[in-house]
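Just so it is clear, the model here is predicted, and its values are computed rather than measured. For the single chain, residues carry numbers from 1 onward in sequence order. The figures that follow rest on heavy atoms only: side chains count, while hydrogens, waters and symmetry mates do not.
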Amino acid sequence: MTANPAPDEPKTPGWGPTSRHVAANVKRLREARGLSTTRLAAAVEELGQSIPATGITRIEKGQRRVDSDDLVALALALNVAPIALLLPPRWGSDTVELTPTVEVSAQVAWLWAQGEAPAAEAPSNTDDAEDAAYWRQWESYQALSLPPERRGIGTYMGRALGALRNEIDRLTFAVRMENDEQKFDEQVERVRTWIQRLEGEVDQLEAKRRGPKRPASDR
């Protein structure tokens with residue numbers, strides 16, 4: 001599947017896909033909040049960043065780029081996460097262009113931007129070489145994508161937690177989109193399998209924290 005800009009995305013020559021996403025999302029979110037360009041500019045000004053109303057209009061038309069300081073101020077003013085400006089509002093298997101040479105599914109793009117998983121499709125098979133390569137990439141991604149205190153959860157729970165998130169997302173999508181009962185049942189079983197693996201990881205973590213249980217005669 002080839003990624004295509006949404007109909008309202010500006011197609012300014014020389015702009016990359018992320019700049020186009022931001023331009024379209026500023027307009028979409030501003031209108032969803034019921035804000036005029038003047039009111040949004042005023043809200044941004046209160047946050048210490050200056051983007052005049054004409055600047056907001058130029059952003060939306062693809063005539064003004066948004067730098068990182070602008071992005072954070074706009075996200076705060078619109079009360080959304082920064083990634084709501086960076087990615088199109090899609091989920092599932094629709095393809096999203098991250099760079100001119102990198103395209104992934106919308107689901108993968110959002111998980112990547114949220115700090116959940118690398119920008120790669122997770123294999124459904126849990127035993128082959130492709131799966132092992134993916135989880136090596138996942139561990140490398142987790143190692144530097146989050147603060148140490150946050151990524152420690154992923155380290156302790158191993159790949160079970162990441163896999164469970166992926167499978168739950170697939171199950172949620174299956175509930176909404178799939179009419180194939182067999183696929184749905186298979187996805188339910190995959191979720192249950194990873195829940196069991198995660199429970200095993202929790203048991204191991206508890207055992208490591210508390211140490212081996214002493215026989216009743218020694219208590």
Side-chain angles (χ1 to χ4, degrees), residues 1-122 141-142 144-147 150-151 162 165-166 168-170 172-173 176-177:
M1 184 181 297
T2 302
N4 295 311
D8 57 345
E9 283 192 0
K11 301 178 182 178
T12 304
W15 276 36
T18 302
S19 293
R20 296 195 302 269
H21 299 332
V22 170
N25 284 328
V26 169
K27 179 178 176 61
R28 176 180 63 84
L29 293 168
R30 177 181 64 77
E31 292 177 345
R33 293 296 188 203
L35 297 173
S36 65
T37 56
T38 300
R39 288 180 61 195
L40 178 56
V44 170
E45 183 73 27
E46 290 179 1
L47 295 168
Q49 190 72 10
S50 179
I51 308 177
T54 54
I56 301 291
T57 299
R58 293 183 66 224
I59 288 170
E60 295 178 355
K61 290 182 176 181
Q63 298 171 351
R64 182 187 189 279
R65 289 184 182 274
V66 173
D67 65 23
S68 54
D69 293 321
D70 292 339
L71 183 82
V72 171
L74 286 166
L76 287 169
L78 292 165
N79 192 29
V80 296
I83 56 172
L85 293 169
L86 294 169
L87 294 174
R90 301 198 297 269
W91 186 256
S93 59
D94 287 351
T95 303
V96 170
E97 191 179 8
L98 297 180
T99 74
T101 60
V102 176
E103 295 179 1
V104 297
S105 71
Q107 177 177 331
V108 167
W110 278 88
L111 291 175
W112 166 70
Q114 289 172 330
E116 300 289 344
E121 300 290 341
Y141 169 88
Q142 287 281 318
L144 295 178
S145 293
L146 299 169
R150 176 66 175 84
R151 65 177 179 258
R165 285 172 176 157
N166 289 340
I168 288 175
D169 283 327
R170 286 174 174 167
T172 302
F173 185 69
R176 295 176 180 173
M177 306 298 294

_Run the side chain to side chain donor-acceptor pair (under 3.5 Å) test against T37 and tell me which residues pass, sequence neighbours left out._
none

For residues 70-84, which side-chain N or O atoms pair as donor and acceptor with protein atoms under 3.5 Å away, sequence neighbours left out?
from	atom 1	to	atom 2	distance (Å)
D70	OD1	Q49	NE2	2.9
D70	OD2	R64	NH1	3.2
D70	OD2	D67	N	3.4

*Nearest heavy-atom neighbours spanning A109 and L87*: O-CD1, 3.5 Å

*Any sub-3.5 Å donor-acceptor pair from E97's side-chain atoms to V102's backbone N or O?*
no

*Identify the two heavy atoms, one from S19 and one from R65, that lie closest to each other, and give their separation to 0.1 Å.*
OG-NH1, 3.2 Å

*Residues that A32 engages under side chain to side chain contact (heavy atoms under 4.5 Å, CB included), provided they are two or more places apart*: none

_Set of residues satisfying side chain to side chain contact (heavy atoms under 4.5 Å, CB included) with respect to T38, sequence neighbours excluded_ = S36, A53

*Could I get the full list of side chain to side chain donor-acceptor pair (under 3.5 Å) partners for Q114, not counting sequence neighbours?*
none

*asked:* Holding to side chain to side chain contact (heavy atoms under 4.5 Å, CB included), I want the full list of residues that pass it with T101, two or more places apart in sequence or in another chain.
replied: T99

*For the residue pair V104 and A119, what are the closest heavy atoms and their distance?*
CG1-O, 3.8 Å

*Output, in order, the C-alpha distance, side-chain angles, deciding distance and verdict of side chain to side chain contact (heavy atoms under 4.5 Å, CB included) for L98 and E103.*
CA-CA 6 Å; L98 297 180; E103 295 179 1; over 6 Å; no

_So, taking the atom named CD in Q107 and the one named CH2 in W91, what distance separates them when rounded to the nearest 0.5 Å?_
4.5 Å

*Roughly how far apart are K61 NZ and T54 OG1, rounded to 0.5 Å?*
10.5 Å

*asked:* I need the minimum non-hydrogen distance between L35 and R30, along with the two atoms involved.
replied: O-NH1, 2.9 Å

*Please examine the side chains of D94 and S105, heavy atoms only from C-beta on, and report whether any two atoms are closer than 4.5 Å.*
no

*Considering all heavy atoms, the nearest E60-K27 contact*: OE2-CA, 3.3 Å

*Distance in Å, H21 NE2 paired with R28 CZ, rounded so as to fall on 0.5 Å steps*: 11.5 Å

*Only counting residues at least two apart or in another chain, list the ones meeting salt bridge (charged side-chain N to carboxylate O under 4.0 Å, His left out) with E46.*
none

_Heavy-atom pair with the smallest gap, counting every atom of Y141 and L111_ = OH-O, 4.0 Å

